[in-house]
Visitor: 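My questions will all concern the structure given below.
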Amino acid sequence: MFFMDPLELDRALRQLRSIYGGVSDELRGWNWSNDVLSPPLEGVYLGVSEVANRYCPTYRDIYLRRVLGRPAPYTYKTVRGWIYHAISSRTVQEVKSTLYLKGLCSGAELFQELSGRRDEILDSIFKKYAASRYLNEREMEGLRREAEALYNFLILQASARLDRILSEVKRPELESVLAKAVPMDVERLVNGRLLGLSQELRVDLFTERRIVVEIKTGDVRPFHKYVLAGYALAIESDLEIPIDYGIVSYLWSDGRFVKVRNVTYFIGDELRREFLELRDEAFNVIHNGVDPGKPANCPTYCIYYDLCNG
């Protein structure tokens with residue numbers, strides 16, 4: 001992860017290991033057939049974010065989307081999220097492909113190569129997500145500045161990381177350096193059907209330490225941690241490997257500076273049970289087909305706010 005210091009990650013994991021114990025085997029995703037993990041409704045498969053991102057505490061968003069077929073409207077925050085996520089994953093891909101094509105090079109050479117392709121890469125991302133269809137000219141200009149700042153930040157971090165690795169290795173070889181410089185998969189495809197989740201879940205980042213990383217581009221919300229639990233359970237059910245830790249990485253850019261906040265979680269029994277409760281309640285709303293109504297205090301940051309409030 002170009003936006004996390006490896007030493008910071010090691011320290012965070014050591015602290016979590018010293019505080020928490022293990023995970024109950026009954027709450028591992030590979031035990032998907034037991035009563036706790038088995039989905040309460042057949043033939044319906046939900047996205048992890050759809051379940052976990054409880055912007056609406058009454059689950060009216062689930063009712064609108066799944067029962068009435070009303071898709072979520074696109075807002076500036078939605079498009080910004082698309083662009084930030086695409087830049088984060090594309091940067092990883094570009095670093096890998098550049099080193100494979102050019103061979104081992106210095107961090108300065110890598111930065112120069114990727115800097116020269118910045119406009120081309122960002123143009124392709126904005127075109128892919130048709131950003132101009134949803135945003136006005138002023139919003140497009142502002143988002144483009146943010147995107148440029150984020151891209152520059154990420155390739156600079158990647159280049160510095162490459163130089164640091166090369167300075168520590170006596171006989172650098174491409175594959176070993178790449179494994180250290182880019183120790184992650186982006187948009188890792190996971191099948192969560194055995195848990196009532198989508199068969200095409202995409203984990204933002206999945207590291208070689210078996211850590212799931214969720215990138216967020218908005219405000220910090222207490223329910224973001226449940227996304228990690230959902231992906232951990234899905235990976236365990238699909239690949240049958242234990243996933244104990246996750247990170248929510250919050251990215252902000254004002255067009256000049258980039259801010260990063262990484263929050264590390266132990267994906268233990270409590271977090272897993274809470275995610276499963278959210279999943280089961282979402283299934284209940286779909287099964288009953290009854291409008292649960294708006295919450296007493298409808299949060300303005302909910303993507304359905306304008307739809308629910310006229």
Side-chain angles (χ1 to χ4, degrees), residues 44-91 119 121-151 186-187 189 197-205 213-221 223-224 226-227 230-231 248-255 258-259 278 282 285-286 291-295 297-310:
V44 178
Y45 306 100
L46 303 176
V48 166
S49 295
E50 190 177 9
V51 172
N53 288 336
R54 284 296 91 228
Y55 293 97
C56 181
T58 66
Y59 296 79
R60 193 166 196 258
D61 59 323
I62 297 290
Y63 171 78
L64 291 171
R65 183 184 298 113
R66 291 289 180 162
V67 179
L68 296 188
R70 299 290 295 273
Y74 300 126
T75 66
Y76 176 80
K77 289 183 178 180
T78 304
V79 179
R80 183 182 64 183
W82 294 342
I83 300 299
Y84 276 39
H85 277 81
I87 293 172
S88 300
S89 61
R90 182 72 176 272
T91 303
D119 290 342
I121 290 170
L122 293 184
D123 286 345
S124 68
I125 290 174
F126 274 76
K127 182 179 180 180
K128 176 182 178 180
Y129 291 98
S132 60
R133 182 188 304 173
Y134 308 110
L135 306 181
N136 59 42
E137 185 176 348
R138 180 181 60 82
E139 290 172 331
M140 281 288 291
E141 291 176 355
L143 185 55
R144 180 67 183 218
R145 288 193 299 271
E146 293 180 25
E148 290 175 353
L150 178 59
Y151 179 83
V186 296
E187 300 285 326
L189 195 63
L197 303 172
S198 170
Q199 67 176 349
E200 294 186 359
L201 299 173
R202 294 185 183 274
V203 182
D204 287 342
L205 296 173
V213 181
E214 173 74 1
I215 297 173
K216 292 295 184 184
T217 60
D219 296 327
V220 176
R221 304 293 178 194
F223 47 74
H224 288 159
Y226 297 125
V227 173
Y231 284 135
V248 181
S249 288
Y250 296 93
L251 301 182
W252 296 274
S253 173
D254 62 2
V258 173
K259 303 291 185 182
L278 296 176
V285 170
I286 295 170
D291 188 348
K294 297 187 297 182
N297 296 310
C298 200
T300 57
Y301 52 80
C302 176
I303 198 168
Y304 278 102
Y305 180 85
D306 289 341
L307 182 60
C308 290
N309 293 278

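Since we're looking at a predicted model, the values are computed, not measured. Basis for what follows: all heavy atoms, side chains included, without hydrogens, waters or symmetry-related copies.
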Visitor: To check you understand the geometry: which heavy-atom pair defines the closest contact between D204 and V213, and what is its length?
Guide: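 Smallest heavy-atom distance, with atoms named: CB-O, 3.2 Å.
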Visitor: If you look at every heavy atom in L46 and E50, which pair is closest and at what distance?
Guide: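 Distance-wise, the nearest heavy atoms are CA-OE1, 3.7 Å.
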Visitor: Do L278 and Y59 come within less than 4.5 Å of each other through their side chains, counting heavy atoms only?
Guide: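 Counting from C-beta outward, L278 and Y59 do come under 4.5 Å.
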Visitor: Is any side-chain heavy atom of Y134 less than 4.5 Å from a side-chain heavy atom of E139?
Guide: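 Of all side-chain heavy-atom pairs linking E139 with Y134, none is under 4.5 Å.
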Visitor: Do L189 and R202 come close enough that some side-chain heavy atom pair is under 4.5 Å?
Guide: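 They are in contact (side-chain heavy atoms under 4.5 Å apart), so the answer is yes.
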Visitor: Go through the steps to decide whether L64 and C308 satisfy the test side chain to side chain contact (heavy atoms under 4.5 Å, CB included), and finish with yes or no.
Guide: CA-CA 9 Å; L64 291 171; C308 290; 3.8 Å; yes
Visitor: Would you mind listing every side-chain hydrogen bond (donor to acceptor under 3.5 Å, both in side chains) that reaches into residues 299-310, with sequence neighbours excluded?
Guide: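 Residue pairs passing side-chain hydrogen bond (donor to acceptor under 3.5 Å, both in side chains), neighbours aside: K294-N309.
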Visitor: Y84 and E146: side-chain donor and acceptor closer than 3.5 Å?
Guide: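 Indeed, the side chains of Y84 and E146 share at least one donor-acceptor pair under 3.5 Å.
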Visitor: Indicate the atoms forming the closest heavy-atom contact of I121 with Y151, along with that distance.
Guide: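 Here I121 and Y151 meet closest at CD1-OH, 3.3 Å.
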Visitor: Show your reasoning for whether side chain to side chain contact (heavy atoms under 4.5 Å, CB included) applies to Y226 and V51.
Guide: CA-CA 9 Å; Y226 297 125; V51 172; over 6 Å; no
Visitor: Could you grab the distance from atom CG of D119 to atom OG of S124, nearest 0.5 Å is fine?
Guide: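 Nearest 0.5 Å value for the CG-OG distance: 11.0 Å.
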Visitor: Where is the tightest heavy-atom contact between L150 and S253, given as atom of each residue plus distance?
Guide: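 Looking at all heavy atoms of both residues, the closest pair is N-OG, 4.4 Å.
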Visitor: Apply salt bridge (Lys or Arg N to Asp or Glu O under 4.0 Å) to the pair D61 and R54, showing each step before the final yes or no.
Guide: CA-CA 9 Å; D61 59 323; R54 284 296 91 228; 3.0 Å; yes
Visitor: Less than 4.5 Å apart, side chain to side chain, heavy atoms only: is that true for V67 and R60?
Guide: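 V67 vs R60: side chains apart.
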Visitor: Between V227 and V248, does the side chain to side chain contact (heavy atoms under 4.5 Å, CB included) criterion hold? Intermediate values first, please.
Guide: CA-CA 9 Å; V227 173; V248 181; over 6 Å; no
Visitor: Rounded to the nearest 0.5 Å, how far apart are CD of E148 and CG of L122?
Guide: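 The CD atom of E148 sits 6.5 Å away from the CG atom of L122.
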Visitor: Report yes if the side chains of N53 and K216 come closer than 4.5 Å at any heavy-atom pair, otherwise no.
Guide: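 Sidechains of K216 and N53: in contact.
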Visitor: Can you name the nearest heavy-atom pair linking F126 to A147, along with the distance?
Guide: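 Taking F126 first and A147 second, the nearest heavy atoms are CE1-CB, 3.8 Å.
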Visitor: More than 12 heavy atoms of other residues, nucleotides or ligands under 6.0 Å from CG of N136: yes or no?
Guide: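 Buried by this count: over 12 neighbours within 6.0 Å.
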Visitor: For the atom pair OG (S49) and CZ (F223), what is the distance rounded to the nearest 0.5 Å?
Guide: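 One finds 10.5 Å between OG of S49 and CZ of F223.
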Visitor: Looking only at non-hydrogen atoms, find the nearest pair between G218 and R80 and report the distance.
Guide: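 Taking G218 first and R80 second, the nearest heavy atoms are CA-NH2, 4.0 Å.
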Visitor: Can you tell if the side chain of E137 reaches within under 4.5 Å of the side chain of M140, non-hydrogen atoms only?
Guide: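 Counting from C-beta outward, E137 and M140 never come under 4.5 Å.
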Visitor: State, with a plain yes or no, whether a side-chain heavy atom of Y129 is found less than 4.5 Å away from one of V79.
Guide: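 Of all side-chain heavy-atom pairs linking V79 with Y129, none is under 4.5 Å.
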Visitor: To the closest 0.5 Å, what do you measure between CD (E214) and NE2 (H85)?
Guide: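 Between atom CD of E214 and atom NE2 of H85 there are 5.0 Å.
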Visitor: What's the separation between atom CZ in R90 and atom CD1 in I125, rounded to the nearest 0.5 Å?
Guide: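 Rounded to the nearest 0.5 Å, the CZ-CD1 separation comes out at 5.5 Å.
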Visitor: In this structure, are over 12 heavy atoms from other groups packed under 6.0 Å from Y74 atom OH?
Guide: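 No, because the 6.0 Å sphere around OH of Y74 holds 12 heavy atoms or fewer from other groups.
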Visitor: Listed by chain and number, what are the ring pair (Phe, Tyr, Trp, His ring centres under 6.0 Å) partners of H224, not counting sequence neighbours?
Guide: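 In terms of ring pair (Phe, Tyr, Trp, His ring centres under 6.0 Å), with neighbours along the sequence ignored, H224 is linked to Y250.
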Visitor: Enter the distance from S132:OG to L143:CG here, rounded to the nearest 0.5 Å.
Guide: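 That separation rounds to 11.5 Å.
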Visitor: Has T58 got a side-chain atom pairing as donor or acceptor with P292's backbone, closer than 3.5 angstrom?
Guide: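 Not a single qualifying donor-acceptor pair exists.
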